[in-house]
Amino acid sequence: MTVFSNHQIVLTAIGEDRPGIVSELTQLVSDCHCNIIDSRIAILGNEFTFIMLLSGDMSAISRIEHTLPLKGMELGLLTMMKRTASHKQSEFCAGYTLEYTGIDTPGTLSKVTRFFADNQISICSLKSDTFDEDEHVKMRCEIEFNIPVDVDIDTFKVQFEDLSRTLNVDYIFRRIR
(Lines give C-alpha, C1' and ligand atoms only; values in the text may rest on other atoms or scores of the structure.)
Protein backbone atom coordinates (compact mmCIF):
# COMPACT_ATOMS: atom_id res chain seq x y z
CA MET A 1 0.00 0.00 0.00
CA THR A 2 1.33 3.42 -0.98
CA VAL A 3 1.28 6.09 1.72
CA PHE A 4 0.78 9.65 0.53
CA SER A 5 2.19 12.60 2.39
CA ASN A 6 0.15 15.59 3.41
CA HIS A 7 1.02 17.71 0.35
CA GLN A 8 -2.17 18.58 -1.48
CA ILE A 9 -3.27 20.50 -4.53
CA VAL A 10 -6.67 21.47 -5.92
CA LEU A 11 -6.92 21.03 -9.67
CA THR A 12 -9.73 22.40 -11.85
CA ALA A 13 -10.37 21.81 -15.53
CA ILE A 14 -13.05 23.32 -17.77
CA GLY A 15 -13.64 22.67 -21.45
CA GLU A 16 -16.01 21.40 -24.09
CA ASP A 17 -17.55 18.10 -23.03
CA ARG A 18 -16.52 14.96 -24.89
CA PRO A 19 -15.87 11.31 -24.03
CA GLY A 20 -12.44 10.48 -22.61
CA ILE A 21 -11.61 13.69 -20.75
CA VAL A 22 -11.99 12.11 -17.32
CA SER A 23 -9.85 9.17 -18.39
CA GLU A 24 -7.09 11.46 -19.69
CA LEU A 25 -7.05 13.58 -16.53
CA THR A 26 -7.15 10.66 -14.10
CA GLN A 27 -4.37 8.93 -16.07
CA LEU A 28 -2.25 12.08 -15.80
CA VAL A 29 -2.84 12.13 -12.03
CA SER A 30 -1.81 8.48 -11.80
CA ASP A 31 1.26 9.01 -14.01
CA CYS A 32 2.36 11.83 -11.70
CA HIS A 33 1.99 9.52 -8.66
CA CYS A 34 -0.75 11.60 -7.06
CA ASN A 35 -3.81 10.26 -5.31
CA ILE A 36 -7.34 11.64 -5.85
CA ILE A 37 -8.69 12.46 -2.39
CA ASP A 38 -11.96 14.05 -3.55
CA SER A 39 -13.49 15.02 -6.90
CA ARG A 40 -16.57 16.52 -8.51
CA ILE A 41 -17.68 16.56 -12.15
CA ALA A 42 -20.50 18.59 -13.67
CA ILE A 43 -21.66 19.54 -17.14
CA LEU A 44 -22.57 23.23 -17.09
CA GLY A 45 -24.05 24.35 -20.40
CA ASN A 46 -21.86 22.59 -22.95
CA GLU A 47 -18.83 22.76 -20.67
CA PHE A 48 -17.28 19.88 -18.79
CA THR A 49 -16.07 20.93 -15.33
CA PHE A 50 -13.85 18.83 -13.09
CA ILE A 51 -12.40 19.66 -9.72
CA MET A 52 -10.09 17.32 -7.82
CA LEU A 53 -8.23 17.38 -4.55
CA LEU A 54 -4.96 15.51 -5.01
CA SER A 55 -2.33 14.39 -2.54
CA GLY A 56 1.20 13.16 -2.94
CA ASP A 57 4.77 13.79 -1.96
CA MET A 58 6.46 17.05 -2.97
CA SER A 59 7.84 15.48 -6.15
CA ALA A 60 4.39 14.25 -7.25
CA ILE A 61 2.76 17.63 -6.60
CA SER A 62 5.52 19.42 -8.54
CA ARG A 63 5.15 16.91 -11.39
CA ILE A 64 1.40 17.58 -11.72
CA GLU A 65 2.03 21.34 -11.60
CA HIS A 66 4.45 21.07 -14.52
CA THR A 67 2.56 18.57 -16.69
CA LEU A 68 -1.06 19.70 -16.33
CA PRO A 69 -0.79 22.97 -18.32
CA LEU A 70 0.54 21.17 -21.42
CA LYS A 71 -2.01 18.34 -21.10
CA GLY A 72 -4.76 20.90 -20.61
CA MET A 73 -3.78 22.71 -23.81
CA GLU A 74 -3.64 19.38 -25.65
CA LEU A 75 -7.19 18.58 -24.48
CA GLY A 76 -8.55 22.10 -25.05
CA LEU A 77 -9.10 22.66 -21.32
CA LEU A 78 -8.71 25.72 -19.17
CA THR A 79 -6.90 24.50 -16.05
CA MET A 80 -5.98 25.99 -12.73
CA MET A 81 -4.19 24.62 -9.66
CA LYS A 82 -3.65 25.77 -6.11
CA ARG A 83 -1.67 24.09 -3.35
CA THR A 84 -3.58 23.53 -0.15
CA ALA A 85 -3.46 21.62 3.13
CA SER A 86 -5.75 19.10 4.79
CA HIS A 87 -9.07 20.59 5.85
CA LYS A 88 -9.41 21.01 9.59
CA GLN A 89 -13.03 20.44 10.47
CA SER A 90 -14.46 22.62 13.21
CA GLU A 91 -16.59 21.15 15.96
CA PHE A 92 -20.19 20.55 15.03
CA CYS A 93 -23.15 18.87 16.68
CA ALA A 94 -24.92 17.54 13.58
CA GLY A 95 -24.85 17.50 9.79
CA TYR A 96 -27.88 18.27 7.62
CA THR A 97 -29.05 18.65 4.07
CA LEU A 98 -31.51 21.32 3.08
CA GLU A 99 -33.44 20.80 -0.14
CA TYR A 100 -35.67 23.56 -1.42
CA THR A 101 -37.74 24.18 -4.56
CA GLY A 102 -39.83 27.03 -5.90
CA ILE A 103 -40.47 29.30 -8.86
CA ASP A 104 -37.11 30.45 -10.23
CA THR A 105 -36.68 33.97 -8.92
CA PRO A 106 -33.45 36.00 -9.14
CA GLY A 107 -31.74 36.38 -5.76
CA THR A 108 -33.23 33.36 -3.97
CA LEU A 109 -29.95 31.43 -3.70
CA SER A 110 -28.16 34.60 -2.65
CA LYS A 111 -30.66 35.18 0.18
CA VAL A 112 -30.44 31.55 1.34
CA THR A 113 -26.63 31.56 1.38
CA ARG A 114 -26.65 34.96 3.16
CA PHE A 115 -28.92 33.39 5.81
CA PHE A 116 -26.32 30.65 6.35
CA ALA A 117 -23.49 33.19 6.54
CA ASP A 118 -25.41 35.37 9.00
CA ASN A 119 -25.86 32.29 11.20
CA GLN A 120 -22.12 31.46 11.01
CA ILE A 121 -22.81 28.16 9.21
CA SER A 122 -20.39 27.03 6.53
CA ILE A 123 -21.79 25.24 3.50
CA CYS A 124 -20.05 21.91 2.77
CA SER A 125 -21.60 21.39 -0.67
CA LEU A 126 -24.23 23.03 -2.81
CA LYS A 127 -25.98 21.90 -5.98
CA SER A 128 -28.63 23.95 -7.73
CA ASP A 129 -30.40 23.83 -11.07
CA THR A 130 -33.59 24.85 -12.83
CA PHE A 131 -36.29 22.83 -14.60
CA ASP A 132 -39.59 23.41 -16.41
CA GLU A 133 -42.79 22.41 -14.63
CA ASP A 134 -46.40 23.50 -15.17
CA GLU A 135 -45.42 26.30 -17.58
CA HIS A 136 -43.00 27.76 -15.00
CA VAL A 137 -39.24 27.64 -14.63
CA LYS A 138 -38.59 26.22 -11.19
CA MET A 139 -35.39 26.03 -9.17
CA ARG A 140 -34.14 23.36 -6.83
CA CYS A 141 -31.19 23.44 -4.51
CA GLU A 142 -29.53 20.99 -2.16
CA ILE A 143 -27.17 22.30 0.50
CA GLU A 144 -25.13 20.14 2.86
CA PHE A 145 -23.94 21.80 6.05
CA ASN A 146 -22.78 21.15 9.60
CA ILE A 147 -24.35 22.87 12.59
CA PRO A 148 -21.64 24.35 14.86
CA VAL A 149 -21.94 23.41 18.54
CA ASP A 150 -22.86 27.00 19.48
CA VAL A 151 -25.80 27.25 17.02
CA ASP A 152 -29.29 26.24 18.21
CA ILE A 153 -30.70 24.07 15.40
CA ASP A 154 -34.32 24.63 16.49
CA THR A 155 -33.94 28.42 16.30
CA PHE A 156 -32.17 28.06 12.95
CA LYS A 157 -35.06 25.97 11.59
CA VAL A 158 -37.70 28.43 12.82
CA GLN A 159 -35.83 31.34 11.24
CA PHE A 160 -35.47 29.40 7.98
CA GLU A 161 -39.21 28.72 8.01
CA ASP A 162 -39.76 32.51 8.05
CA LEU A 163 -37.28 32.97 5.19
CA SER A 164 -38.91 30.17 3.15
CA ARG A 165 -42.29 31.92 3.38
CA THR A 166 -40.71 35.19 2.23
CA LEU A 167 -38.99 33.43 -0.69
CA ASN A 168 -42.01 31.24 -1.47
CA VAL A 169 -40.04 27.97 -1.45
CA ASP A 170 -40.85 24.50 -0.17
CA TYR A 171 -38.08 22.82 1.76
CA ILE A 172 -37.00 19.73 3.67
CA PHE A 173 -34.26 19.46 6.32
CA ARG A 174 -32.70 16.01 6.75
CA ARG A 175 -30.19 15.07 9.40
CA ILE A 176 -27.36 13.13 7.77
CA ARG A 177 -24.85 12.81 10.64
Side-chain angles (χ1 to χ4, degrees), residues 1-100 108-130 139-151 174-177:
M1 180 170 130
T2 304
V3 176
F4 291 92
S5 69
N6 197 27
H7 298 284
Q8 295 183 346
I9 190 166
V10 176
L11 178 154
T12 62
I14 302 169
E16 188 174 338
D17 185 35
R18 66 182 175 285
I21 296 174
V22 174
S23 176
E24 292 278 349
L25 290 173
T26 56
Q27 184 63 53
L28 175 67
V29 169
S30 180
D31 291 346
C32 290
H33 305 289
C34 287
N35 188 35
I36 301 171
I37 302 299
D38 197 357
S39 64
R40 304 285 189 277
I41 296 174
I43 304 301
L44 302 173
N46 194 37
E47 300 304 306
F48 161 86
T49 60
F50 195 8
I51 186 166
M52 293 184 278
L53 174 62
L54 309 178
S55 70
D57 61 24
M58 187 60 77
S59 174
I61 298 298
S62 293
R63 196 173 302 117
I64 199 82
E65 287 176 318
H66 289 93
T67 58
L68 180 66
L70 184 59
K71 184 58 128 178
M73 286 177 31
E74 180 184 309
L75 297 172
L77 299 172
L78 174 63
T79 61
M80 184 174 65
M81 295 166 282
K82 183 177 188 306
R83 287 188 186 211
T84 189
S86 294
H87 181 70
K88 291 177 180 42
Q89 190 134 3
S90 56
E91 283 192 48
F92 64 92
C93 60
Y96 286 84
T97 58
L98 163 67
E99 296 176 30
Y100 71 84
T108 301
L109 182 58
S110 174
K111 290 173 184 159
V112 169
T113 57
R114 172 53 41 205
F115 174 77
F116 276 76
D118 290 348
N119 281 279
Q120 301 299 305
I121 296 174
S122 295
I123 294 171
C124 302
S125 73
L126 183 148
K127 180 179 180 182
S128 67
D129 63 356
T130 59
M139 63 177 162
R140 68 182 144 218
C141 183
E142 182 175 329
I143 299 172
E144 184 178 319
F145 60 98
N146 293 321
I147 296 290
V149 292
D150 59 344
V151 172
R174 286 190 185 94
R175 184 170 178 161
I176 56 174
R177 59 183 158 273

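Scope of the values below: all heavy atoms of this structure, side chains included, with no hydrogens, waters or symmetry mates.
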Is the shortest heavy-atom distance from the side chain of [X] to the side chain of [Y] under 4.5 Å?
| X | Y | result |
| --- | --- | --- |
| Thr97 | Phe145 | no |
| Leu77 | Ile14 | no |
| Cys32 | Thr67 | yes |
| Ile64 | Ile9 | yes |
| Met139 | Thr108 | yes |
| Leu98 | Glu142 | no |
| Leu25 | Leu68 | yes |
| Thr12 | Thr79 | no |

Residue pair [X] / [Y]: nearest heavy atoms and the distance that separates them:
| X | Y | result |
| --- | --- | --- |
| Cys93 | Arg175 | O-NH2, 3.4 Å |
| Ala60 | Cys34 | O-SG, 3.6 Å |
| Arg83 | Ser62 | NH2-OG, 3.5 Å |
| Ser55 | Gln8 | CB-CG, 4.0 Å |
| Leu54 | Ile61 | O-CD1, 4.4 Å |
| Gly45 | Ile43 | O-CG2, 3.5 Å |

- Message: Apply side chain to side chain contact (heavy atoms under 4.5 Å, CB included) to residues Val10 and Met81 and explain how you reach the verdict.
- Response: CA-CA 5 Å; Val10 176; Met81 295 166 282; over 6 Å; no
Spatial distance of atom [atom1] ([X]) from atom [atom2] ([Y]) [nearest 0.5 Å]:
| X | Y | atom1 | atom2 | answer |
| --- | --- | --- | --- | --- |
| Met52 | Asn35 | CE | CG | 11.5 Å |
| Ile37 | Thr84 | CD1 | OG1 | 12.0 Å |
| Arg114 | Leu109 | CZ | CG | 12.0 Å |
| Cys124 | Asn146 | SG | CG | 4.0 Å |

With no hydrogens and no angle check, is any side-chain donor or acceptor of [X] less than 3.5 Å from a backbone partner on [Y]?
| X | Y | result |
| --- | --- | --- |
| Arg40 | Ile51 | no |
| Ser30 | Thr26 | no |
| Thr113 | Ser110 | yes |

- Task: Just jot down the side chain to side chain donor-acceptor pair (under 3.5 Å) partners of Gln27, sequence neighbours excluded, or say none.
- Result: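 Per chain and number, Gln27 pairs via side chain to side chain donor-acceptor pair (under 3.5 Å) with Asp31.
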- Message: Working note: Leu126 + Cys141, criterion side chain to side chain contact (heavy atoms under 4.5 Å, CB included); need CA distance, chi angles, decisive distance, verdict.
- Response: CA-CA 7 Å; Leu126 183 148; Cys141 183; 4.1 Å; yes
- With sequence neighbours left out, write down each residue that passes side chain to side chain contact (heavy atoms under 4.5 Å, CB included) with Ile41, or none if nothing qualifies.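 Scan of Ile41 (side chain to side chain contact (heavy atoms under 4.5 Å, CB included), adjacent residues dropped) gives Val22, Phe48, Phe50.
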- Task: Please name the residue in the list Lys127, Arg174, Arg177 that meets the salt bridge (charged side-chain N to carboxylate O under 4.0 Å, His left out) test with Glu144.
- Result: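 Of all the options given, the one that passes is Arg177.
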- Would you mind telling me which of Val112, Asp118, Asn119 makes a side-chain contact (heavy atoms from CB on, under 4.5 Å) with Phe116?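 Single pass found, and it is Val112.
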- Presence of salt bridge, Glu99 and Arg140, under 4.0 angstrom: no
